[in-house]
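Comments concern the structure below.
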Protein chains: 2
Amino acid sequence: MIARTGEPEEVMELWIVEDDALYRRTIAALLHEIPGMRCDHAFGRCEDALKAIETESAPDVLLMDIGLPGMNGIEGTARVRQVSPSTRIIILTVHEDNDKIFDALCAGASGYLLKSSAPEEIVGAMREVVRGGAPINAQIARRLLAMFTDLAGPRAVSPLTHREREILKLMVDGLTKKQIAAHLILSYHTIDTHIKNIYAKLEVHTRGGAVARALHDHLL
Amino acid sequence: MIARTGEPEEVMELWIVEDDALYRRTIAALLHEIPGMRCDHAFGRCEDALKAIETESAPDVLLMDIGLPGMNGIEGTARVRQVSPSTRIIILTVHEDNDKIFDALCAGASGYLLKSSAPEEIVGAMREVVRGGAPINAQIARRLLAMFTDLAGPRAVSPLTHREREILKLMVDGLTKKQIAAHLILSYHTIDTHIKNIYAKLEVHTRGGAVARALHDHLL
DNA sequence: AAACGAATACCGCGAATGCGGTATTGCCTG
DNA sequence: CAGGCAATACCGCATTCGCGGTATTCGTTT
């Protein structure tokens, strides 16, 4: 995409946000050895990095930790992307729970690595990310895939009958029992009984709960 | 169930489904050189692979093309996963459009590589996948991330206040007004008013509708 | 034929809901 | 400083809901 004429000036500017001073320096030192990369800043807090972006210029790539004092790395990722959309952010953390991964990627991170990654993997990720790729640790990718599969998955385990699903669907659409009865040309009492059964099967006691389960567990 | 063939020897059984005979043989030859891998079968059609799985035993890893005569690779992936859940499937294709990627991963593929990938990347992927990882080409991963970000995109347009979101969240959890009031240490009447306002903003008239919008439009 | 689950229908009652009001207190922003 | 918005609080009433029953019909499975 970027037609280069061999300028030796194409240095990748790279920043780090990592609260553990030791790990921060280790990484910074590691990256400093790589030709074509420069690491001018390494912060212990998101807030500092944000300030630096606004006063000076933004980096090409930002290595971001998640567990940070003050603003966490996910919130930080979103903020950085707001003020500098061109900055690619790579999460580098010990957290490997689905929520963190999901939130970080939703916040706009371009990559997700674990601190257990080999140094070469980290360096490779830098290179990959400026080329437009999204370096994601294979273990993390597995989690991502799992999210996808159960996104379109457990509809078979739905314990509801056809009728019940039909009625649940109408509840999701915001209809009252009376309206559902009219819509399905059934008695009000019938709907009432069905809803009663739906609640029992879903182990909820309110419309809100039932609808939430219906959508969350994707059983429609 | 499927007969377990894994334990005795450390050799990874690997099959290929690829309609282009030349490419198929090239890959098979490539993999055959790798110590610890064995490629007994290479098919041109999913149907043949499926049949082989049922008559013989299933492979540890299956390299699957998408564009195939007869059953396509995505459908095939789903089928193979049904009859042999332990078989990890890696898509190896030229297709890089979002739909294919999405569908393949939803169908249960454990990896997604492009045919333009370097041989080492393919071999690395095999190793990675049996270790529980999900080898995904960085370019593909980028697409995945894009899906995530616009999956959680229109949250900024949430017209709700903090309090309202908080209450809506509790409605999703299936609490009654009274319970919400107790939970937030607020008056019942306050909750009542808030819910009234939430309904107005979301243009719904029932709990079901509100919860559905909350989850569907991802505005919590 | 018997047994069973699903779908249907009906009843009654206490609790919760939806919605129309009004009103006070802060906190911003113009 | 005025006005607006968010959060808070209170009232009343018709409606709806949740849930405890009971009961009939119909298609499967046994």
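We use all heavy atoms of the structure for the numbers below, so side chains are in, but hydrogens, waters and symmetry mates are not. This one's a predicted model, so the numbers in the text were calculated from it and none came from an experiment. Labels below follow one simple rule: chain letters A, B, ... track the order of the sequence lines, proteins then strands, and each chain is numbered from 1.
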- Query: B/L160 CG to D/dA6 P: how many Å, rounded?
  - Reply: 11 Å
- Item | Separation of B/D60 CG from B/L14 CG (nearest 0.5 Å) | 8.5 Å
- Message: Would you say A/H41 and A/E56 are linked by a side-chain donor-acceptor pair, where the criterion is simply a distance under 3.5 Å?
- Response: yes
- Item | N/O donor-acceptor pair under 3.5 Å between A/T26 side chain and A/L22 backbone | yes
- Atom-to-atom span, CD1 of A/I191 to P of C/dA7 - whole angstrom: 11 Å
- Query: What string of B, S and - do you get for nucleotides 9-18 of chain D, 5' to 3', if B is base contact, S is sugar-phosphate-only contact and - is no contact with any protein heavy atom under 4.0 Å?
  - Reply: BBB----SBB
- Taken to the nearest whole Å, CD1/A/I198 to P/C/dT8 is 11 Å
- Query: Should the pair A/K51-A/E47 be classified as a salt bridge under the 4.0 Å nitrogen-to-oxygen rule?
  - Reply: no
- Query: Just by modelled atom types, is the A/V61 backbone N or O under 3.5 Å from a matching donor or acceptor in the A/E13 side chain?
  - Reply: no
- Query: Base, sugar-phosphate, or nothing: which does B/H162 touch, judged by heavy atoms less than 4.0 Å apart?
  - Reply: sugar-phosphate
- Atom-to-atom span, CZ of B/R163 to P of D/dC5 - whole angstrom: 20 Å
- Let me know the distance between CG of B/L184 and P of D/dA7, rounded to the nearest Å. 12 Å
Interface polar pairs with nucleotides 24-30 of chain D, N/O, under 3.5 angstrom:
none

- Task: Please round to the nearest 0.5 Å and tell me the distance separating atom NE2 of A/H194 and atom NE2 of A/H189.
- Result: 13.0 Å
Donor-acceptor contacts under 3.5 Å from residues 198-208 of chain B side chains, at least two apart:
residue : atom : partner : partner atom : Å
B/Y199  : OH   : B/R207  : N            : 3.1
B/K201  : NZ   : B/P159  : O            : 3.3
B/K201  : NZ   : B/E164  : OE1          : 2.9
B/K201  : NZ   : B/E164  : OE2          : 3.4
B/T206  : OG1  : A/G174  : O            : 3.2
B/T206  : OG1  : B/G209  : N            : 3.1
B/R207  : NH2  : B/L175  : O            : 2.8

- Item | From CA spacing to verdict: side-chain hydrogen bond (donor to acceptor under 3.5 Å, both in side chains), A/H95, A/T93 | CA-CA 5 Å; A/H95 295 95; A/T93 182; 2.9 Å; yes
